[in-house]
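Following: one structure in structure tokens, then a few remarks.
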Amino acid sequence: NIVTMTTAVTTFKDVKSKLEHIQKNQKEVDLYPMLAQLFRQMGFDKVEITHGRNEYGRDLVFRSKDSMGDYEWWAVVVKNKNANQFDFQEGGEIGRQIRMSFDVPWVDSKGEKFRTNSVLVVVNGSIGQNVKDTIGSSLPAPYAGNVKLWNYQRLEENIDKHIKDLFLSGETGTQEEYEVNLYRNKMAETLASLGHAK
């Protein structure tokens with residue numbers, strides 16, 4: 001017996017309309033697989049979704065090389081909503097995550113500890129005008145200069161440039177799609193290996 005699963009698939013004409021749909025109808029965690037794919041496609045390595053109990057502010061991490069060839073670790077803070085200056089202040093949700101990302105070392109799956117060199121805040125929404133001033137006054141000087149911001153426009157530009165087709169096809173759209181894809185790929189590998197079995 002073959003069981004056929006059907007799901008309602010929403011098609012989107014462009015990246016912007018899908019990002020708007022995600023902001024209105026989906027959860028923040030649904031952005032993580034797409035962002036992980038985006039950072040990999042942009043050439044970063046050691047990309048990992050770290051959201052959970054031991055994230056210490058980091059939703060994702062990745063590694064890059066600086067101009068001297070040394071590795072730098074990035075923490076990514078993700079929000080699926082509009083953000084204003086209060087979110088970035090010391091007691092605000094994003095401000096707390098930025099501080100934790102810098103203050104608490106990240107421990108990888110092998111137990112190695114790494115310090116965060118920079119934080120990228122990705123907001124699938126707008127970012128208030130006064131946010132840059134807020135970061136400068138609420139974070140210590142070394143941290144404030146190492147925080148980068150992407151609002152929905154910057155996110156849209158990068159998706160459009162690097163993974164547009166994957167994003168619009170749903171291949172990187174939600175955690176559920178990501179898990180179904182992993183399952184599908186594993187099953188394809190398993191079935192392919194059966195052809196060689198005796």
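Heavy-atom basis, side chains included; hydrogens, waters and symmetry copies ignored.
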| message | Using every non-hydrogen atom in the two residues, find where L38 and W150 come nearest and quote the distance to one decimal. | response | CD2-CZ3, 3.8 Å
| query | Do the side chain of D160 and the main chain of E156 share a donor and acceptor less than 3.5 angstrom apart? | reply | no
| query | So do E48 and F62 actually touch side chain to side chain, heavy atoms under 4.5 Å? | reply | no
| Is the number of heavy atoms from other residues, nucleotides or ligands under 6.0 Å of Y56 OH greater than 12? | no
| said: My understanding is that only residues two or more places apart in sequence, or in another chain, count here; which of them pass salt bridge (charged side-chain N to carboxylate O under 4.0 Å, His left out) with K81? | reply: D87, E93
| request: Could you check if a side-chain atom of E28 sits within less than 4.5 angstrom of a side-chain atom of K79, using non-hydrogen atoms only? | output: yes
| query | Is there a donor-acceptor pair closer than 3.5 Å between any side-chain N or O of R99 and the backbone N or O of L139? | reply | no
| Does P105 offer a backbone N or O that forms a donor-acceptor pair with the side chain of T116 under 3.5 Å? | no
| query | Is the closest side-chain heavy-atom distance between Q23 and N82 below 4.5 Å? | reply | yes
| field | Any donor-acceptor pair under 3.5 Å from R96 side chain to G91 backbone | value | yes
| request: Would you indicate whether the side-chain heavy atoms of L155 and L35 approach each other to under 4.5 Å? | output: yes
| request: May I ask you to decide if Q85's main-chain N or O and N130's side chain share a donor-acceptor pair within less than 3.5 Å? | output: no
| request: Examine L149 and V122 and state if one hydrophobic cluster contains both, with Ile, Leu, Val, Met, Phe, Trp and Tyr joined whenever side-chain heavy atoms are less than 4.5 Å apart. | output: no
| message | So which atom in F88 and which in S138 form the shortest heavy-atom distance, rounded to 0.1 Å? | response | O-OG, 3.3 Å
| What is the distance from atom CE of M34 to atom CZ of F39, rounded to the nearest 0.5 Å? | 8.5 Å
| note | Heavy-atom closest pair (Y152 atom, K16 atom, distance to 0.1 Å) is CE1-CE, 4.5 Å
| said: Measuring only between side-chain heavy atoms, which start at C-beta, is S101 closer than 4.5 Å to E55? | reply: no
| message | Is there a continuous path of hydrophobic side-chain contacts, each under 4.5 Å between heavy atoms, that joins V131 to Y143? | response | yes
| task | Over all heavy atoms of both residues, which pair between V78 and D59 is shortest? Give the atoms and the distance, please. | result | N-OD2, 2.8 Å
| query | Are I22 and F12 linked, directly or through other ILVMFWY residues, by side chains that come within less than 4.5 angstrom of each other? | reply | yes
| task | Enter the distance from I159:CD1 to K18:NZ here, rounded to the nearest 0.5 Å. | result | 9.0 Å
| task | Report yes if the side chains of V76 and V61 come closer than 4.5 Å at any heavy-atom pair, otherwise no. | result | no
| Shortest non-hydrogen contact from M42 toward N158 | CE-OD1, 3.6 Å
| task | Please lay out, stage by stage, how N146 and V119 fare under the test side chain to side chain contact (heavy atoms under 4.5 Å, CB included). | result | CA-CA 6 Å; N146 292 313; V119 173; over 6 Å; no
| said: Show the nearest heavy-atom pair for residues V15 and L168, with the distance to one decimal. | reply: N-CD2, 3.9 Å
| field | Point-to-point distance, once rounded to the nearest 0.5 Å, from CD of E72 to CZ of F114 | value | 14.0 Å
| With a 4.5 Å limit on heavy-atom distance, are the side chains of Y32 and H51 in contact? | yes
| query | Roughly how far, to the nearest 0.5 Å, is the CD1 atom of I98 from the OG atom of S118? | reply | 11.5 Å
| request: List the steps, then state whether side chain to side chain contact (heavy atoms under 4.5 Å, CB included) holds for L166 with Q37. | output: CA-CA 9 Å; L166 282 173; Q37 182 66 32; 3.8 Å; yes
| task | Quick one: pull up OG in S137 and NZ in K132 and give me the separation to the nearest 0.5 Å. | result | 14.5 Å
| field | Connected via hydrophobic side-chain network under 4.5 Å: I94 and I127 | value | yes
| task | Please answer whether the main-chain N or O of M100 pairs with a side-chain N or O of D103 as donor and acceptor at a distance below 3.5 Å. | result | no
| query | Can you name the residues that form a salt bridge (charged side-chain N to carboxylate O under 4.0 Å, His left out) with R63, not counting sequence neighbours? | reply | D45
| message | Under a 3.5 Å distance rule, please check whether N124 uses its side chain to pair with a backbone N or O of L19 as donor and acceptor. | response | yes
| Rounded to the nearest 0.5 Å, how far apart are CZ of F167 and CG of D14? | 10.0 Å
| task | Please examine the side chains of W74 and N117, heavy atoms only from C-beta on, and report whether any two atoms are closer than 4.5 Å. | result | no
| query | Are W106 and V104 linked, directly or through other ILVMFWY residues, by side chains that come within less than 4.5 angstrom of each other? | reply | no
